[in-house]
Amino acid sequence: MTKKTAYEFAYITFAMFIISCSIYFFLIPSGIVVRSISGLSMVLNQVINLPISLITFILNIGLLVIGFIFIGKEFGAKTVYTSILLPVFLAIFEKICPLSESLTHNSVYDLVSYTLIIAFGQAMLFNVNASSGGLDIVGKIISKYTHLEIGKALTVCGMITAATSIFVYDISTMIVSLIGTYANGQAVDYFVGGFNKRKRICILSEHYEEIMKYIMEDMNRGVTIYSAVGGFDKTPRIEVVTIMTTSEYKKLLNYLHQSDYKAFVTVSTVNEVIGTWNINKNSRKSKQKEVSVQ
């Protein structure tokens, strides 16, 4: 196993720990059925006398096969791992800290806590082409073939699950579950957008060759150059454009300051990059701002 693979699986394990905590400590005790196999398992638990962890495992098996077929082996392999981890974590929690009631004693607080925590964990998984299994697989398939953002795809399939709560709970629980499902989809898209954000950096400088060399050789990033003409003096210039992470952008900015190059830099926050950076992304939105570097 390579160092990169080991890191990735440790990252996935941590994400699943976060997701499992949100389910066990907030979702299950509250009785809210929100957009997940765990929520559906809670409904089935009222009908058949099996532990929630076992029901969750059984339902995940069928969806895993679908994931392998429609999404791919890498996604399927990672999701096998996460699907095993979820019931394992739930079973461990059931043994070491059994709960008879909600931690917050308030369904609204439970819903908010669950929605935010699990959305963060899901976004971590989607960021490395994995999922927590269950309805996340269905959402991933919907997103792949309809080009919906992943959060919206999860909302579509989750609404059906949330609606099943009416069979074992009351109407108010179903309404809260539907609201929670929608909020979860919005939160997932928000966190996924945060993971995917990049900086589009445009630099005008007489020292563009030195800057290009630093970006390509020291930072191992590509650049694109454009011919530009000053509006006031009509002087021909070269504009250097590159895409970087936030940390890389800060490193480049420090380089420009320390080199004392006279430069003008514009920076766009890019939420989506299609191609080399990410695959299966559907839009690119940017909010412009300008930074002057002297």
Side-chain angles (χ1 to χ4, degrees), residues 2-12 14-15 18 116-117 119-130 149-151 186-294:
T2 65
K3 184 177 180 180
K4 179 181 178 181
T5 302
Y7 169 80
E8 197 168 76
F9 274 90
Y11 177 92
I12 291 173
F14 179 67
I18 293 174
L116 294 177
I117 295 172
F120 181 72
Q122 288 172 306
M124 289 179 66
L125 292 178
F126 289 132
N127 191 49
V128 291
N129 193 32
E149 292 179 321
I150 185 64
Q186 296 297 307
V188 168
D189 279 340
Y190 174 81
F191 286 122
V192 168
F195 283 120
N196 291 333
K197 283 183 179 178
R198 299 289 184 264
K199 299 292 185 181
R200 183 177 186 271
I201 307 160
C202 304
I203 306 170
L204 286 170
S205 174
E206 295 178 357
H207 303 277
Y208 69 90
E209 290 185 351
E210 292 90 339
I211 295 172
M212 284 175 53
K213 182 178 179 181
Y214 176 78
I215 293 173
M216 291 188 292
E217 296 182 4
D218 292 71
M219 301 188 69
N220 196 29
R221 286 289 172 233
V223 298
T224 302
I225 58 173
Y226 297 92
S227 297
V229 178
F232 289 104
D233 55 14
K234 309 301 180 184
T235 302
R237 290 184 173 86
I238 295 296
E239 181 182 44
V240 177
V241 179
T242 184
I243 302 289
M244 293 184 175
T245 64
T246 300
S247 60
E248 290 170 337
Y249 159 64
K250 291 178 180 177
K251 182 179 178 180
L252 175 61
L253 208 58
N254 287 334
Y255 166 77
L256 294 175
H257 280 297
Q258 293 170 3
S259 301
D260 199 29
Y261 292 148
K262 189 173 183 180
F264 183 75
V265 182
T266 59
V267 183
S268 305
T269 300
V270 181
N271 290 336
E272 303 283 356
V273 180
I274 302 172
T276 303
W277 281 101
N278 291 300
I279 299 174
N280 294 332
K281 299 302 179 183
N282 309 303
S283 63
R284 179 180 293 180
K285 305 173 184 177
S286 55
K287 181 180 180 181
Q288 300 290 331
K289 64 178 181 177
E290 291 189 350
V291 180
S292 179
V293 182
Q294 300 294 337

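Computed from a predicted structure; not experimentally measured.
- The number of heavy atoms from other shown groups lying within 6.0 Å of CG (Asp233) is above 12.
- Side-chain contact between Met244 and Ile215: present, with at least one pair of heavy atoms (C-beta onward) separated by less than 4.5 Å.
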Exercise for review: Evaluate the side chain to side chain contact (heavy atoms under 4.5 Å, CB included) criterion for residues Val267 and Leu253: first the C-alpha distance (whole Å), next the side-chain angles of each, then the deciding distance (0.1 Å), finally the verdict.
Suggested key: CA-CA 11 Å; Val267 183; Leu253 208 58; over 6 Å; no
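- To the nearest 0.5 Å, the span separating CE on Met212 from CD1 on Ile225 amounts to 5.0 Å.
- In plain terms, the two heavy atoms of Ala123 and Val188 that are nearest each other are CB-O, 4.4 Å.
- Looking at Tyr255, Tyr261, Phe264 one by one, the single match for ring pair (Phe, Tyr, Trp, His ring centres under 6.0 Å) with His207 turns out to be Tyr261.
- In plain terms, the two heavy atoms of Thr242 and Gly222 that are nearest each other are OG1-O, 2.9 Å.
- Summarising the geometry of Phe14 relative to Met124, their closest heavy-atom pair is CD2-CE, 3.8 Å, with the distance given to 0.1 Å.
- A pairwise comparison of heavy atoms in Gly121 and Ala15 identifies O-CB, 3.9 Å as the closest pair.
- Atom CZ in Arg237 sits 12.5 Å away from atom OG in Ser227 (nearest 0.5 Å).
- Residues Lys199 and Thr269 bring a donor and an acceptor atom of their side chains to less than 3.5 Å of each other.
- Distance check, rounded to the nearest 0.5 Å: CZ of Arg221 to OG1 of Thr245 gives 6.5 Å.
- Crowding of Glu210 atom CD: a count of heavy atoms from other residues, nucleotides or ligands under 6.0 Å exceeding 12.
- Of the inter-residue distances, the one linking Glu248 atom CD with Ile201 atom CD1 reads 8.5 Å to the nearest 0.5 angstrom.
- Taking CG of Asp189 as the start and CD of Glu149 as the end, the distance is 4.5 Å to the nearest 0.5 Å.
- Taking CD1 of Ile12 as the reference point, atom CG of Asn127 lies at 10.5 Å (rounded to 0.5 Å).
- Residues Leu204 and Ala228 share a closest heavy-atom pair of CD2-CB, 4.4 Å.
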